[in-house]
2 protein chains.
Amino acid sequence: MYRKASYGSELDHLIQLLSKLPGLGPRSARRAALQLIKRKDSIMRPLSTALAEVAEHVNPCSNCGNLDTIDPCHICSSEKRDGTIICVIEDVADLWALERAGSYSGKYHVLGGTLSALDGVGPDDLNIISLIERANKDIVTEVIIATNATVDGQTTAHYITDRLKNCHVAVTRLAHGVPVGGELDYLDDGTLTAALKSRRPF
Amino acid sequence: MYRKASYGSELDHLIQLLSKLPGLGPRSARRAALQLIKRKDSIMRPLSTALAEVAEHVNPCSNCGNLDTIDPCHICSSEKRDGTIICVIEDVADLWALERAGSYSGKYHVLGGTLSALDGVGPDDLNIISLIERANKDIVTEVIIATNATVDGQTTAHYITDRLKNCHVAVTRLAHGVPVGGELDYLDDGTLTAALKSRRPF
């Protein structure tokens, strides 16, 4: 129950907006608002400016769906990245994760979600047609499908593999197996089975 | 380890600022930034405006320390609130909590923290002098000390009680006891002892 208290409507509005951020509820939004007011010059005003700037300048790349201030994005327009490989991911967060790992130097394609019968997401709601178009270009030789290892992610992977059949590209996917640093005792059966099936010579 | 990825510096800056909010770490700040970009018009731009407005217009009340767009604040300037009682709290969040409970109709005084030898917070760092000044006014008959039931909170409460000795006001504090809806079995010894000591006729 949230009773209207007598703090001003500006603050109320700010708290309401903050509580819509993932990871913040009404209570932590109130704490965040108080923290922000205590540090107006070091966080609050810069955050306001940063939000306005990003809202204004950052947009999805028309080629791959990555978020950037320029279009095509830095990765699409980079000469240093290998244009023969496209890595297909669900979301920009996955692209960031791969970039942090720093071991991939090809291009990306952001689907913008996964197929989901429950949520009513069909192939037309994802950036699949533009992927096919890109895969049809002569320069592209491989498409790595790096959707999440969830049911929806794997369904989407299978659907895309099917659609890419006539594109004359090699379609690969990320390996399943024991996470680096992981202990067998704590792993689920599915991962262990996958790791056993894909065993490699030492 | 946070490797610089190739997403733009504007986004980087936004994520860095978001991750300074209480309750958000680097990962949830990234998630929040993506969420914000997906909902530019419904959250991102309004949030930017709300932050700027609150930074501009919301300030501590010069009388009681409450945050408001006007000075003195709505509570201090309200004719409906009982001016004979002052409730002393540590922080504006505590004031909001009491206002949500809706059972207090007096005025407030926000200390802005607690005495803490460890953190080097002394009496001069809190709004104690202004409290004494307010308590010395003829209209005030009671000061309720509602600091938290922590060691620092109770130390502060004792210090303030001492300072208020010559002010001709009744100094009271919140009751300690069993929380409404609480089960005895789960309560700590201190609370149970306090509840027993302060038992009242049925």
Side-chain angles (χ1 to χ4, degrees), chain A residues 1-3 5-11 13-14 16-18 20-25 28-37 39-55 57-60 66-70 73-75 78 91-93 95-96 99-102, chain B residues 1-3 5-11 13-14 16-18 20-25 28-37 39-55 57-60 66-70 73-75 78 91-93 95-96 99-102:
Chain A
M1 194 200 59
Y2 180 68
R3 216 185 272 244
S6 65
Y7 43 95
S9 59
E10 279 93 345
L11 251 178
H13 184 57
L14 174 64
Q16 206 197 325
L17 284 168
L18 283 173
K20 286 183 186 161
L21 293 182
L24 290 183
S28 41
R30 286 198 296 271
R31 273 182 54 217
L34 285 175
Q35 183 98 325
L36 283 166
I37 290 174
R39 299 163 75 182
K40 275 186 183 178
D41 285 320
S42 63
I43 305 192
M44 197 169 202
R45 290 200 177 91
L47 182 57
S48 169
T49 318
L51 283 166
E53 294 234 320
V54 170
H57 299 299
V58 174
N59 285 301
N66 182 21
L67 292 168
D68 209 329
T69 45
I70 56 172
C73 71
H74 281 100
I75 296 178
S78 166
D91 211 351
V92 178
L95 187 157
W96 291 350
E99 285 296 291
R100 281 198 303 281
Chain B
M1 192 200 59
Y2 181 70
R3 216 184 273 243
S6 66
Y7 43 94
S9 60
E10 280 93 345
L11 251 177
H13 184 57
L14 173 63
Q16 208 198 324
L17 284 168
L18 282 174
K20 284 183 187 163
L21 293 182
L24 290 184
S28 41
R30 285 198 296 271
R31 274 181 54 218
L34 286 176
Q35 184 98 325
L36 283 165
I37 290 174
R39 300 164 75 182
K40 275 187 183 176
D41 285 320
S42 63
I43 306 192
M44 198 170 201
R45 291 201 178 90
L47 183 57
S48 168
T49 318
L51 283 165
E53 293 234 319
V54 169
H57 299 299
V58 174
N59 285 302
N66 182 21
L67 292 168
D68 209 329
T69 46
I70 56 172
C73 72
H74 282 101
I75 297 179
S78 166
D91 211 350
V92 177
L95 186 156
W96 291 350
E99 285 296 290
R100 282 198 302 280

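Naming: A, B, ... by sequence-line order, numbering from 1 per chain.
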So CD1 of A/I75 and CG of A/D68: to nearest 0.5 Å the spacing works out to 8.0 Å
Scored by heavy-atom pairs under 4.5 Å with chain B, the best of A/S42, A/A32, A/S28, A/A29 is A/A32
When the 4.5 angstrom heavy-atom criterion is applied to B/L21 and chain A, the contacting part is side chain
Whatever's closer than 4.5 Å to a heavy atom in chain B on A/L14 counts as both
Turns out that what part of B/E53 lies under 4.5 Å from chain A's heavy atoms comes down to side chain
B/R39 meets the side-chain hydrogen bond (donor to acceptor under 3.5 Å, both in side chains) criterion, sequence neighbours left out, with none
(request) Find out whether B/L67 and B/V54 are in side-chain contact, i.e. whether some heavy atom of one side chain is under 4.5 Å from a heavy atom of the other. (result) no
Side chain to side chain contact (heavy atoms under 4.5 Å, CB included) filter on B/A52, not counting sequence neighbours, yields A/S48
Honestly, the part of B/S78 sitting under 4.5 Å from a heavy atom of chain A is neither
The interface call for A/L47 against chain B, heavy-atom contacts under 4.5 Å, is both
If you tally heavy-atom pairs under 4.5 Å between each of A/T69, A/N59, A/L51 and chain B, the highest tally belongs to A/L51
Applying a strict 4.5 Å limit to non-hydrogen atoms, the region of B/D91 in contact with chain A is side chain
When rounded to the nearest 0.5 Å, the distance separating CZ of B/R100 from CG of B/L95 is 10.0 Å
Output for pair (A/R31 CZ, A/L24 CG), nearest 0.5 Å, gives 9.0 Å
